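Just so we're clear, the structure is a prediction, and the values are computed from it rather than from any experiment.
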Amino acid sequence: MPDNELYSYCYTEHLQMMQCTPYSAYDDYYQTVLQAINKRYRLNAPTTVLEIPRNTPEKETKFCGSDNFYTTVDGDTCTSIAEDTSISSAALYMGNQNQILDCSSLSSGLKFCLPLTCEKTYSIQPSDNCSDIEYAYSLKDRDVRKYNPWVSYDCDNLQPASKIYGTAICLSPQGGMHNGSSTGGGVAPSQSNGYVYSKVEPPANATLATGTTRNCGKWYEAKSGDSCVGICGQYSITHAVFTMVNPSLDPGKCSDSLKAGSVYCIAPTYSWNDTEST
């Protein structure tokens, strides 16, 4: 076999080894070289350039704090999704970084967990700064940073960061404003871990949720539009404990399983499970 033909065969094998992974240097140039070798020596070596996989969806969807998911379609961006769902595009990115490589170009079929919604949102314009936005919408000084923690103290990253995360920002708290009102005959001192020491009876004529423990120091009557995340945040109880002491709630779809008018335990006693009573 002539030396130049032997060299071509060896070079072909080398190029085929490069083709085994999309992360090698094999590109359009080497594809052209391999096609020329195939034609000259009447070979049939594959010449396909493998694409680097992008935005591969997770096989398993993990816990989503908002109980609200979104599946992408062609043309979606972080900004378009955020504007359609009243959320911050940066919060969408930060909650789904394992799937989002480029906020301006999302693959279709990705399932995102949506962050909590904002009552007021705004799309950053090229000439905007924090002070202008706060003045235009009657906000207090540094409210833009307060509602969008990624914004730097001096707001000097507002424009550069919007090119990465998208332009939709919150002008109000995520999840809305919470008040301290609750339904109950008495309130035991609440601990930061969600437990209390003293038991309090449910409110008179209350419709206790099925299976909910009576060993509880604080009660809450669900209203239409409530979310488990909002209740847990307002009363400093973890999602795990909340669904554990109220077994009628589905841990995976907690907000969907809330029933308006039903009363739930939002502060179980430390020994709630010792003498469980429904």
TODO: Using distance alone, with no hydrogens and no angle criterion, decide if T121 and S86 have a side-chain donor and acceptor under 3.5 Å apart.
DONE: no

Task: Spatial distance of atom SG (C78) from atom CD1 (I164) [nearest 0.5 Å] - done: 11.5 Å

TODO: Classify the side-chain pair Y137/D143 by whether it contains a donor and acceptor separated by less than 3.5 Å.
DONE: no

Task: From CG (N68) to SG (C113), nearest 0.5 Å - done: 8.0 Å

Task: 4.5 Å side-chain heavy-atom contact, Q174 and P115 - done: yes

Task: All pairs passing side-chain hydrogen bond (donor to acceptor under 3.5 Å, both in side chains) where residues 252-268 contributes a residue, at least two apart - done: D67-S255

TODO: Please report the C-alpha distance between Y147 and I169 in whole Å, then the side-chain angles of each, then the deciding distance to 0.1 Å, and finally whether the side-chain contact (heavy atoms from CB on, under 4.5 Å) criterion is met.
DONE: CA-CA 8 Å; Y147 301 137; I169 62 173; over 6 Å; no

TODO: For residues Y235 and F242, determine if any side-chain heavy atom of one lies less than 4.5 Å from a side-chain heavy atom of the other.
DONE: no

TODO: Using side-chain hydrogen bond (donor to acceptor under 3.5 Å, both in side chains) as the criterion, point out the one residue from N96, T85, D84, D76 that pairs with Y70.
DONE: D76

TODO: Starting at OG1 of T117, measure out to CD1 of I87 and round the result to the nearest 0.5 Å.
DONE: 9.0 Å

Task: Y122 side, atom OH; I133 side, atom CD1 - distance, nearest 0.5 Å - done: 5.0 Å

Task: pair V263-T207: side-chain heavy atoms closer than 4.5 Å - done: no

Open item on the list: The criterion is ring pair (Phe, Tyr, Trp, His ring centres under 6.0 Å); which residues satisfy it with Y165, sequence neighbours excluded?
Closed with: Y93, W150

